[in-house]
Student: 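Here you go, one structure.
Owing to the predicted nature of the structure, the values given are computational and were not obtained by experimental measurement. When a ligand or atom number is given, it counts from 1 through the structure's own listing order.
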Amino acid sequence: MQIYYKSRTEIECMRASGKILARCLKEISESIHPGKTTPLELDRIAHKLITDSGASPSFLGYHGFPNSACISVNEAVVHGIPTNIPLQEGDIVGVDLGVFLNGWHADAAWTFPVGEVTQQTQKLLNVTRESLFQGIAKARVGNRVGDIAACIQKYVESHGFSIVRALEGHGIGKNIHEPPGVPNFGKANTGIELKEGLTICIEPMVNAGTAKVKTLSDNWTIVTEDNKYSAHFEHMIAITRDGPEILTGL
Ligand code: MG
């Protein structure tokens, strides 16, 4: 598969998918009540909002994924299958969604604290979110994909956390995953050059302890090897001549 650069009209379509996704994440963030809400309820909220908007959930049935949302709690990094176990005070919950509207996908994720979390956990969330925005700032015409990667890695490691290396961000458009790969670690001034019309998902996955991960026996959920917490923030962005545009913001 080759890199496909989008026209302004095509980016407009992706913006529409992205808006639905952003509204969905906001609604989910307001629906998390410690001791009550289950990941499966959040999945149902996502499914209803996406389908009520005339779109469909990109992840449902993707390689056989059984739900609309990937919901990854605490030591789960990504690809969590929603469970009926209520979220507890002090947990963190990563919600990763894909929205398909009129032929175009959007993909974004956010990790939310459940009630009060420890200072160290809040720091993990803050550093991961900020590393995403630092990476986005490098998504400019003339830079290379390695500039995004190196920037994210440097920021995360300077705060004492580790970057998951087994997974990376990706191009997106008519396909939920398409070239190029967008790693979260690497060397500046390497990799493909960023050109106008490129649409990518930048998605740092940051662990409190070891960078190493493993897959659970459900064949989906990826967890940290040491069971320490992991956070994940993702935006879909377009590279424009005016700089990076976040397509999954409100
Ligand atoms: Mg993604």
Student: Quickly, which of Asn207, Thr111, Asn74, Thr128 forms a side-chain hydrogen bond (donor to acceptor under 3.5 Å, both in side chains) with Ser230? Name it, please.
Tutor: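 Single side-chain hydrogen bond (donor to acceptor under 3.5 Å, both in side chains) partner of Ser230 among Asn207, Thr111, Asn74, Thr128: Asn207.
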Student: Between Tyr62 and His177, does the ring centre distance come in under 6.0 Å?
Tutor: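 Between Tyr62 and His177, the centre distance is under 6.0 Å.
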Student: Parallel, tilted or perpendicular: which describes the rings of Phe100 and His105, with under 30° parallel and over 60° perpendicular?
Tutor: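 Phe100 vs His105 ring planes: tilted.
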Student: In total, how many protein N/O/S atoms does one find closer than 2.8 Å to the Mg ion (ligand 1)?
Tutor: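 Every protein N, O or S atom under 2.8 Å from the Mg ion (ligand 1) counted, the figure is 4.
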Student: Looking only at the side chains, is there a donor atom on one of His159 and Glu130 sitting less than 3.5 Å from an acceptor on the other?
Tutor: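 No donor-acceptor contact under 3.5 Å links the two side chains.
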Student: Between His235 and Phe133, what is the ring plane arrangement, given parallel below 30°, perpendicular above 60°, and tilted in between?
Tutor: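 Perpendicular: the ring planes of His235 and Phe133 meet at over 60°.
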Student: Please identify each residue that fulfils side-chain contact (heavy atoms from CB on, under 4.5 Å) with Gln153, with sequence neighbours left out.
Tutor: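 Gln153 satisfies side-chain contact (heavy atoms from CB on, under 4.5 Å) with Glu157, Arg165, Phe185 once adjacent residues are dropped.
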